[in-house]
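These notes concern the structure reproduced below.
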Number of protein chains: 2
Amino acid sequence: MTTQHRPASRKEIRQENEKLILQAAEKTFAEAGFGGATMQLIADVAGLPKANLHYYFPTKESLYRRVVQDIFHVWLQAADIFDAADGPIEGLGAYIDAKMEISRKHPAGSKVWASEVMHRAPVIQDYLETTLRDWTEGRIAVIERWIDQGLMDPVNPRHLLYMLWATTQHYADFNHQIETLNNGRPLSDAQWAEATDTVKRIILSGIGARPAT
Amino acid sequence: MTTQHRPASRKEIRQENEKLILQAAEKTFAEAGFGGATMQLIADVAGLPKANLHYYFPTKESLYRRVVQDIFHVWLQAADIFDAADGPIEGLGAYIDAKMEISRKHPAGSKVWASEVMHRAPVIQDYLETTLRDWTEGRIAVIERWIDQGLMDPVNPRHLLYMLWATTQHYADFNHQIETLNNGRPLSDAQWAEATDTVKRIILSGIGARPAT
DNA sequence: CCACAGCTTGACCAATCGGTCAAGATTTTT
DNA sequence: AAAAATCTTGACCGATTGGTCAAGCTGTGG
């Protein structure tokens, strides 16, 4: 039972504890919401005394802000696949794959984001108005190019994007409902594969995507 | 300024106040979450003293439970259209219309539901396991019949349903994000029509829906 | 018109929460 | 090895919250 006790340096301690706290905070905020989560509960999940949290993050709001920002950056990265593609089948297909993977592996992050946006984005409104808006316009331009190239039917790109977000994030945000309707069991590997496949097939077929020759 | 003061009878007073409180509660729970909403704030929105809320609803949780239950019943009603249809184009099309309409008119209700499910349904888990499960199985059977009749491609009906829920509810739950990406303005009538039309077209085309002759 | 049942409300309370603080432990720097 | 900087933590505090209560108010049925 002699666990190798931390020979940790200062920087290591800081990094390790911040990570521990951020993980506990993400989970707790996702499960209880901002108002329902307490610093004491987050501290318990992280295995640290409450006063220690306030040493690293002065206020509950600053901790929450950091959690939401981190999630947002993970989301943005997931979209690089989008650009490297020659057409909608490859690009949108890979994007759906990536977002479904995130929904499966990190549902808590998705829930915190959803909760933040549902409450009118009190802490990340500026991100919505700058980074997200720019990102969205960029992808819309890509989709419009595909349409012009005859690689897909002329559908409204903005609403297509919303549909992709809605569908993929639904598997994270509503995972409890989906589990309940799956007889209380989490989706198996095969079920996740079928979900991803169904989503891809309906959307790609729905927009009349054609392979880039 | 002499507002016709309540000649109200006992029953009328009760109905009127309960409705007032439930409306204020739905709005407040949607905006702040269960933990973030306070009885005092709900009372202010309703224009009643806080102690009066506790007269009609003994605890915050009982008020919240009532709000969620009411929303759930509205949702179930919206699906009657589903059954009366001869095929997917008519049935799913009408269902999408109905749910988009609800998302536009009552976003608060959708948000409360989403929040409840995201937090693992602490108060309506039994509904998920009974009513929602039965409802879902029923609709899956309808869709499977359409597939057998050759009215649409053989897609997994369960994931198709999730896709419908995800997409339509997204316009309510994430209305703030959508508004922000629309230059801070709510969607116009025309934009709502285009959203609904795009969703219907992609999905109905995506599942290869054919008219019932 | 009177007695009773239902409705209203300001004042109040115990519990909990976010946040503070000072004293001690540990590592780094000089 | 001593001084400085950083990290840890139990005890504590003011503010807020959900909920209570008793006294007064208002329809209603006899």
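In what follows, chains are A, B, ... by sequence order, proteins preceding strands, each numbered from 1.
Proximity note for A:Ser9 (side chain, C-beta onward) versus C:dT28, D:dC7, C:dT8: the nearest is C:dT28.
Applying the salt bridge (Lys or Arg N to Asp or Glu O under 4.0 Å) test to pairs two or more places apart or on separate chains, those with a residue in residues 95-115 of chain A are A:Asp97-A:Lys200, A:Glu101-A:Lys105, A:Arg104-A:Asp189. The side-chain hydrogen bond (donor to acceptor under 3.5 Å, both in side chains) pairs that include a residue from residues 45-54 of chain B number zero, where partners must be two or more places apart or lie in different chains. Note on residues 91-130 of chain B: pairs passing ring-ring contact (aromatic ring centres under 6.0 Å, His included), not counting sequence neighbours, are B:Phe72-B:Trp113, B:Phe72-B:Tyr127, B:Trp75-B:Trp113, B:Phe82-B:Tyr95.
One axis for each end of the helix from C:dC1-D:dG30 to C:dT30-D:dA1, each built from five base pairs, and the angle between them comes to 10° at 10° resolution.
Residues from residues 112-123 of chain B with heavy atoms under 4.0 angstrom of DNA chain D: there are none.
The interatomic distance linking A:Asn52 (CG) with C:dA25 (C1') rounds to 13 Å, in whole Å.
Listed by chain and residue number, B:Arg14, B:Arg66 satisfy the salt bridge (Lys or Arg N to Asp or Glu O under 4.0 Å) test with B:Glu18 (two or more places apart in sequence, or in another chain). Judged as a salt bridge (Lys or Arg N to Asp or Glu O under 4.0 Å), and not counting sequence neighbours, the contacts of A:Arg65 are A:Glu61. B:Asp44 pairs by the salt bridge (Lys or Arg N to Asp or Glu O under 4.0 Å) definition with nothing, not counting sequence neighbours. Remark: A:Asp80 pairs with no residue by the salt bridge (Lys or Arg N to Asp or Glu O under 4.0 Å) rule, at least two apart or across chains. Partners of B:Phe174 under the ring pair (Phe, Tyr, Trp, His ring centres under 6.0 Å) rule, at least two apart in sequence or in another chain, are B:His170.
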Might you list the N or O atoms of the protein lying below 3.5 Å from N or O atoms in nucleotides 2-5 of chain D, with each pair's distance?
none

Protein-to-nucleotide contact annotation, 5' to 3' order, nucleotides 17-22 of chain C [B base; S sugar-phosphate only; - none; under 4.0 Å, heavy atom]:
SBBBB-

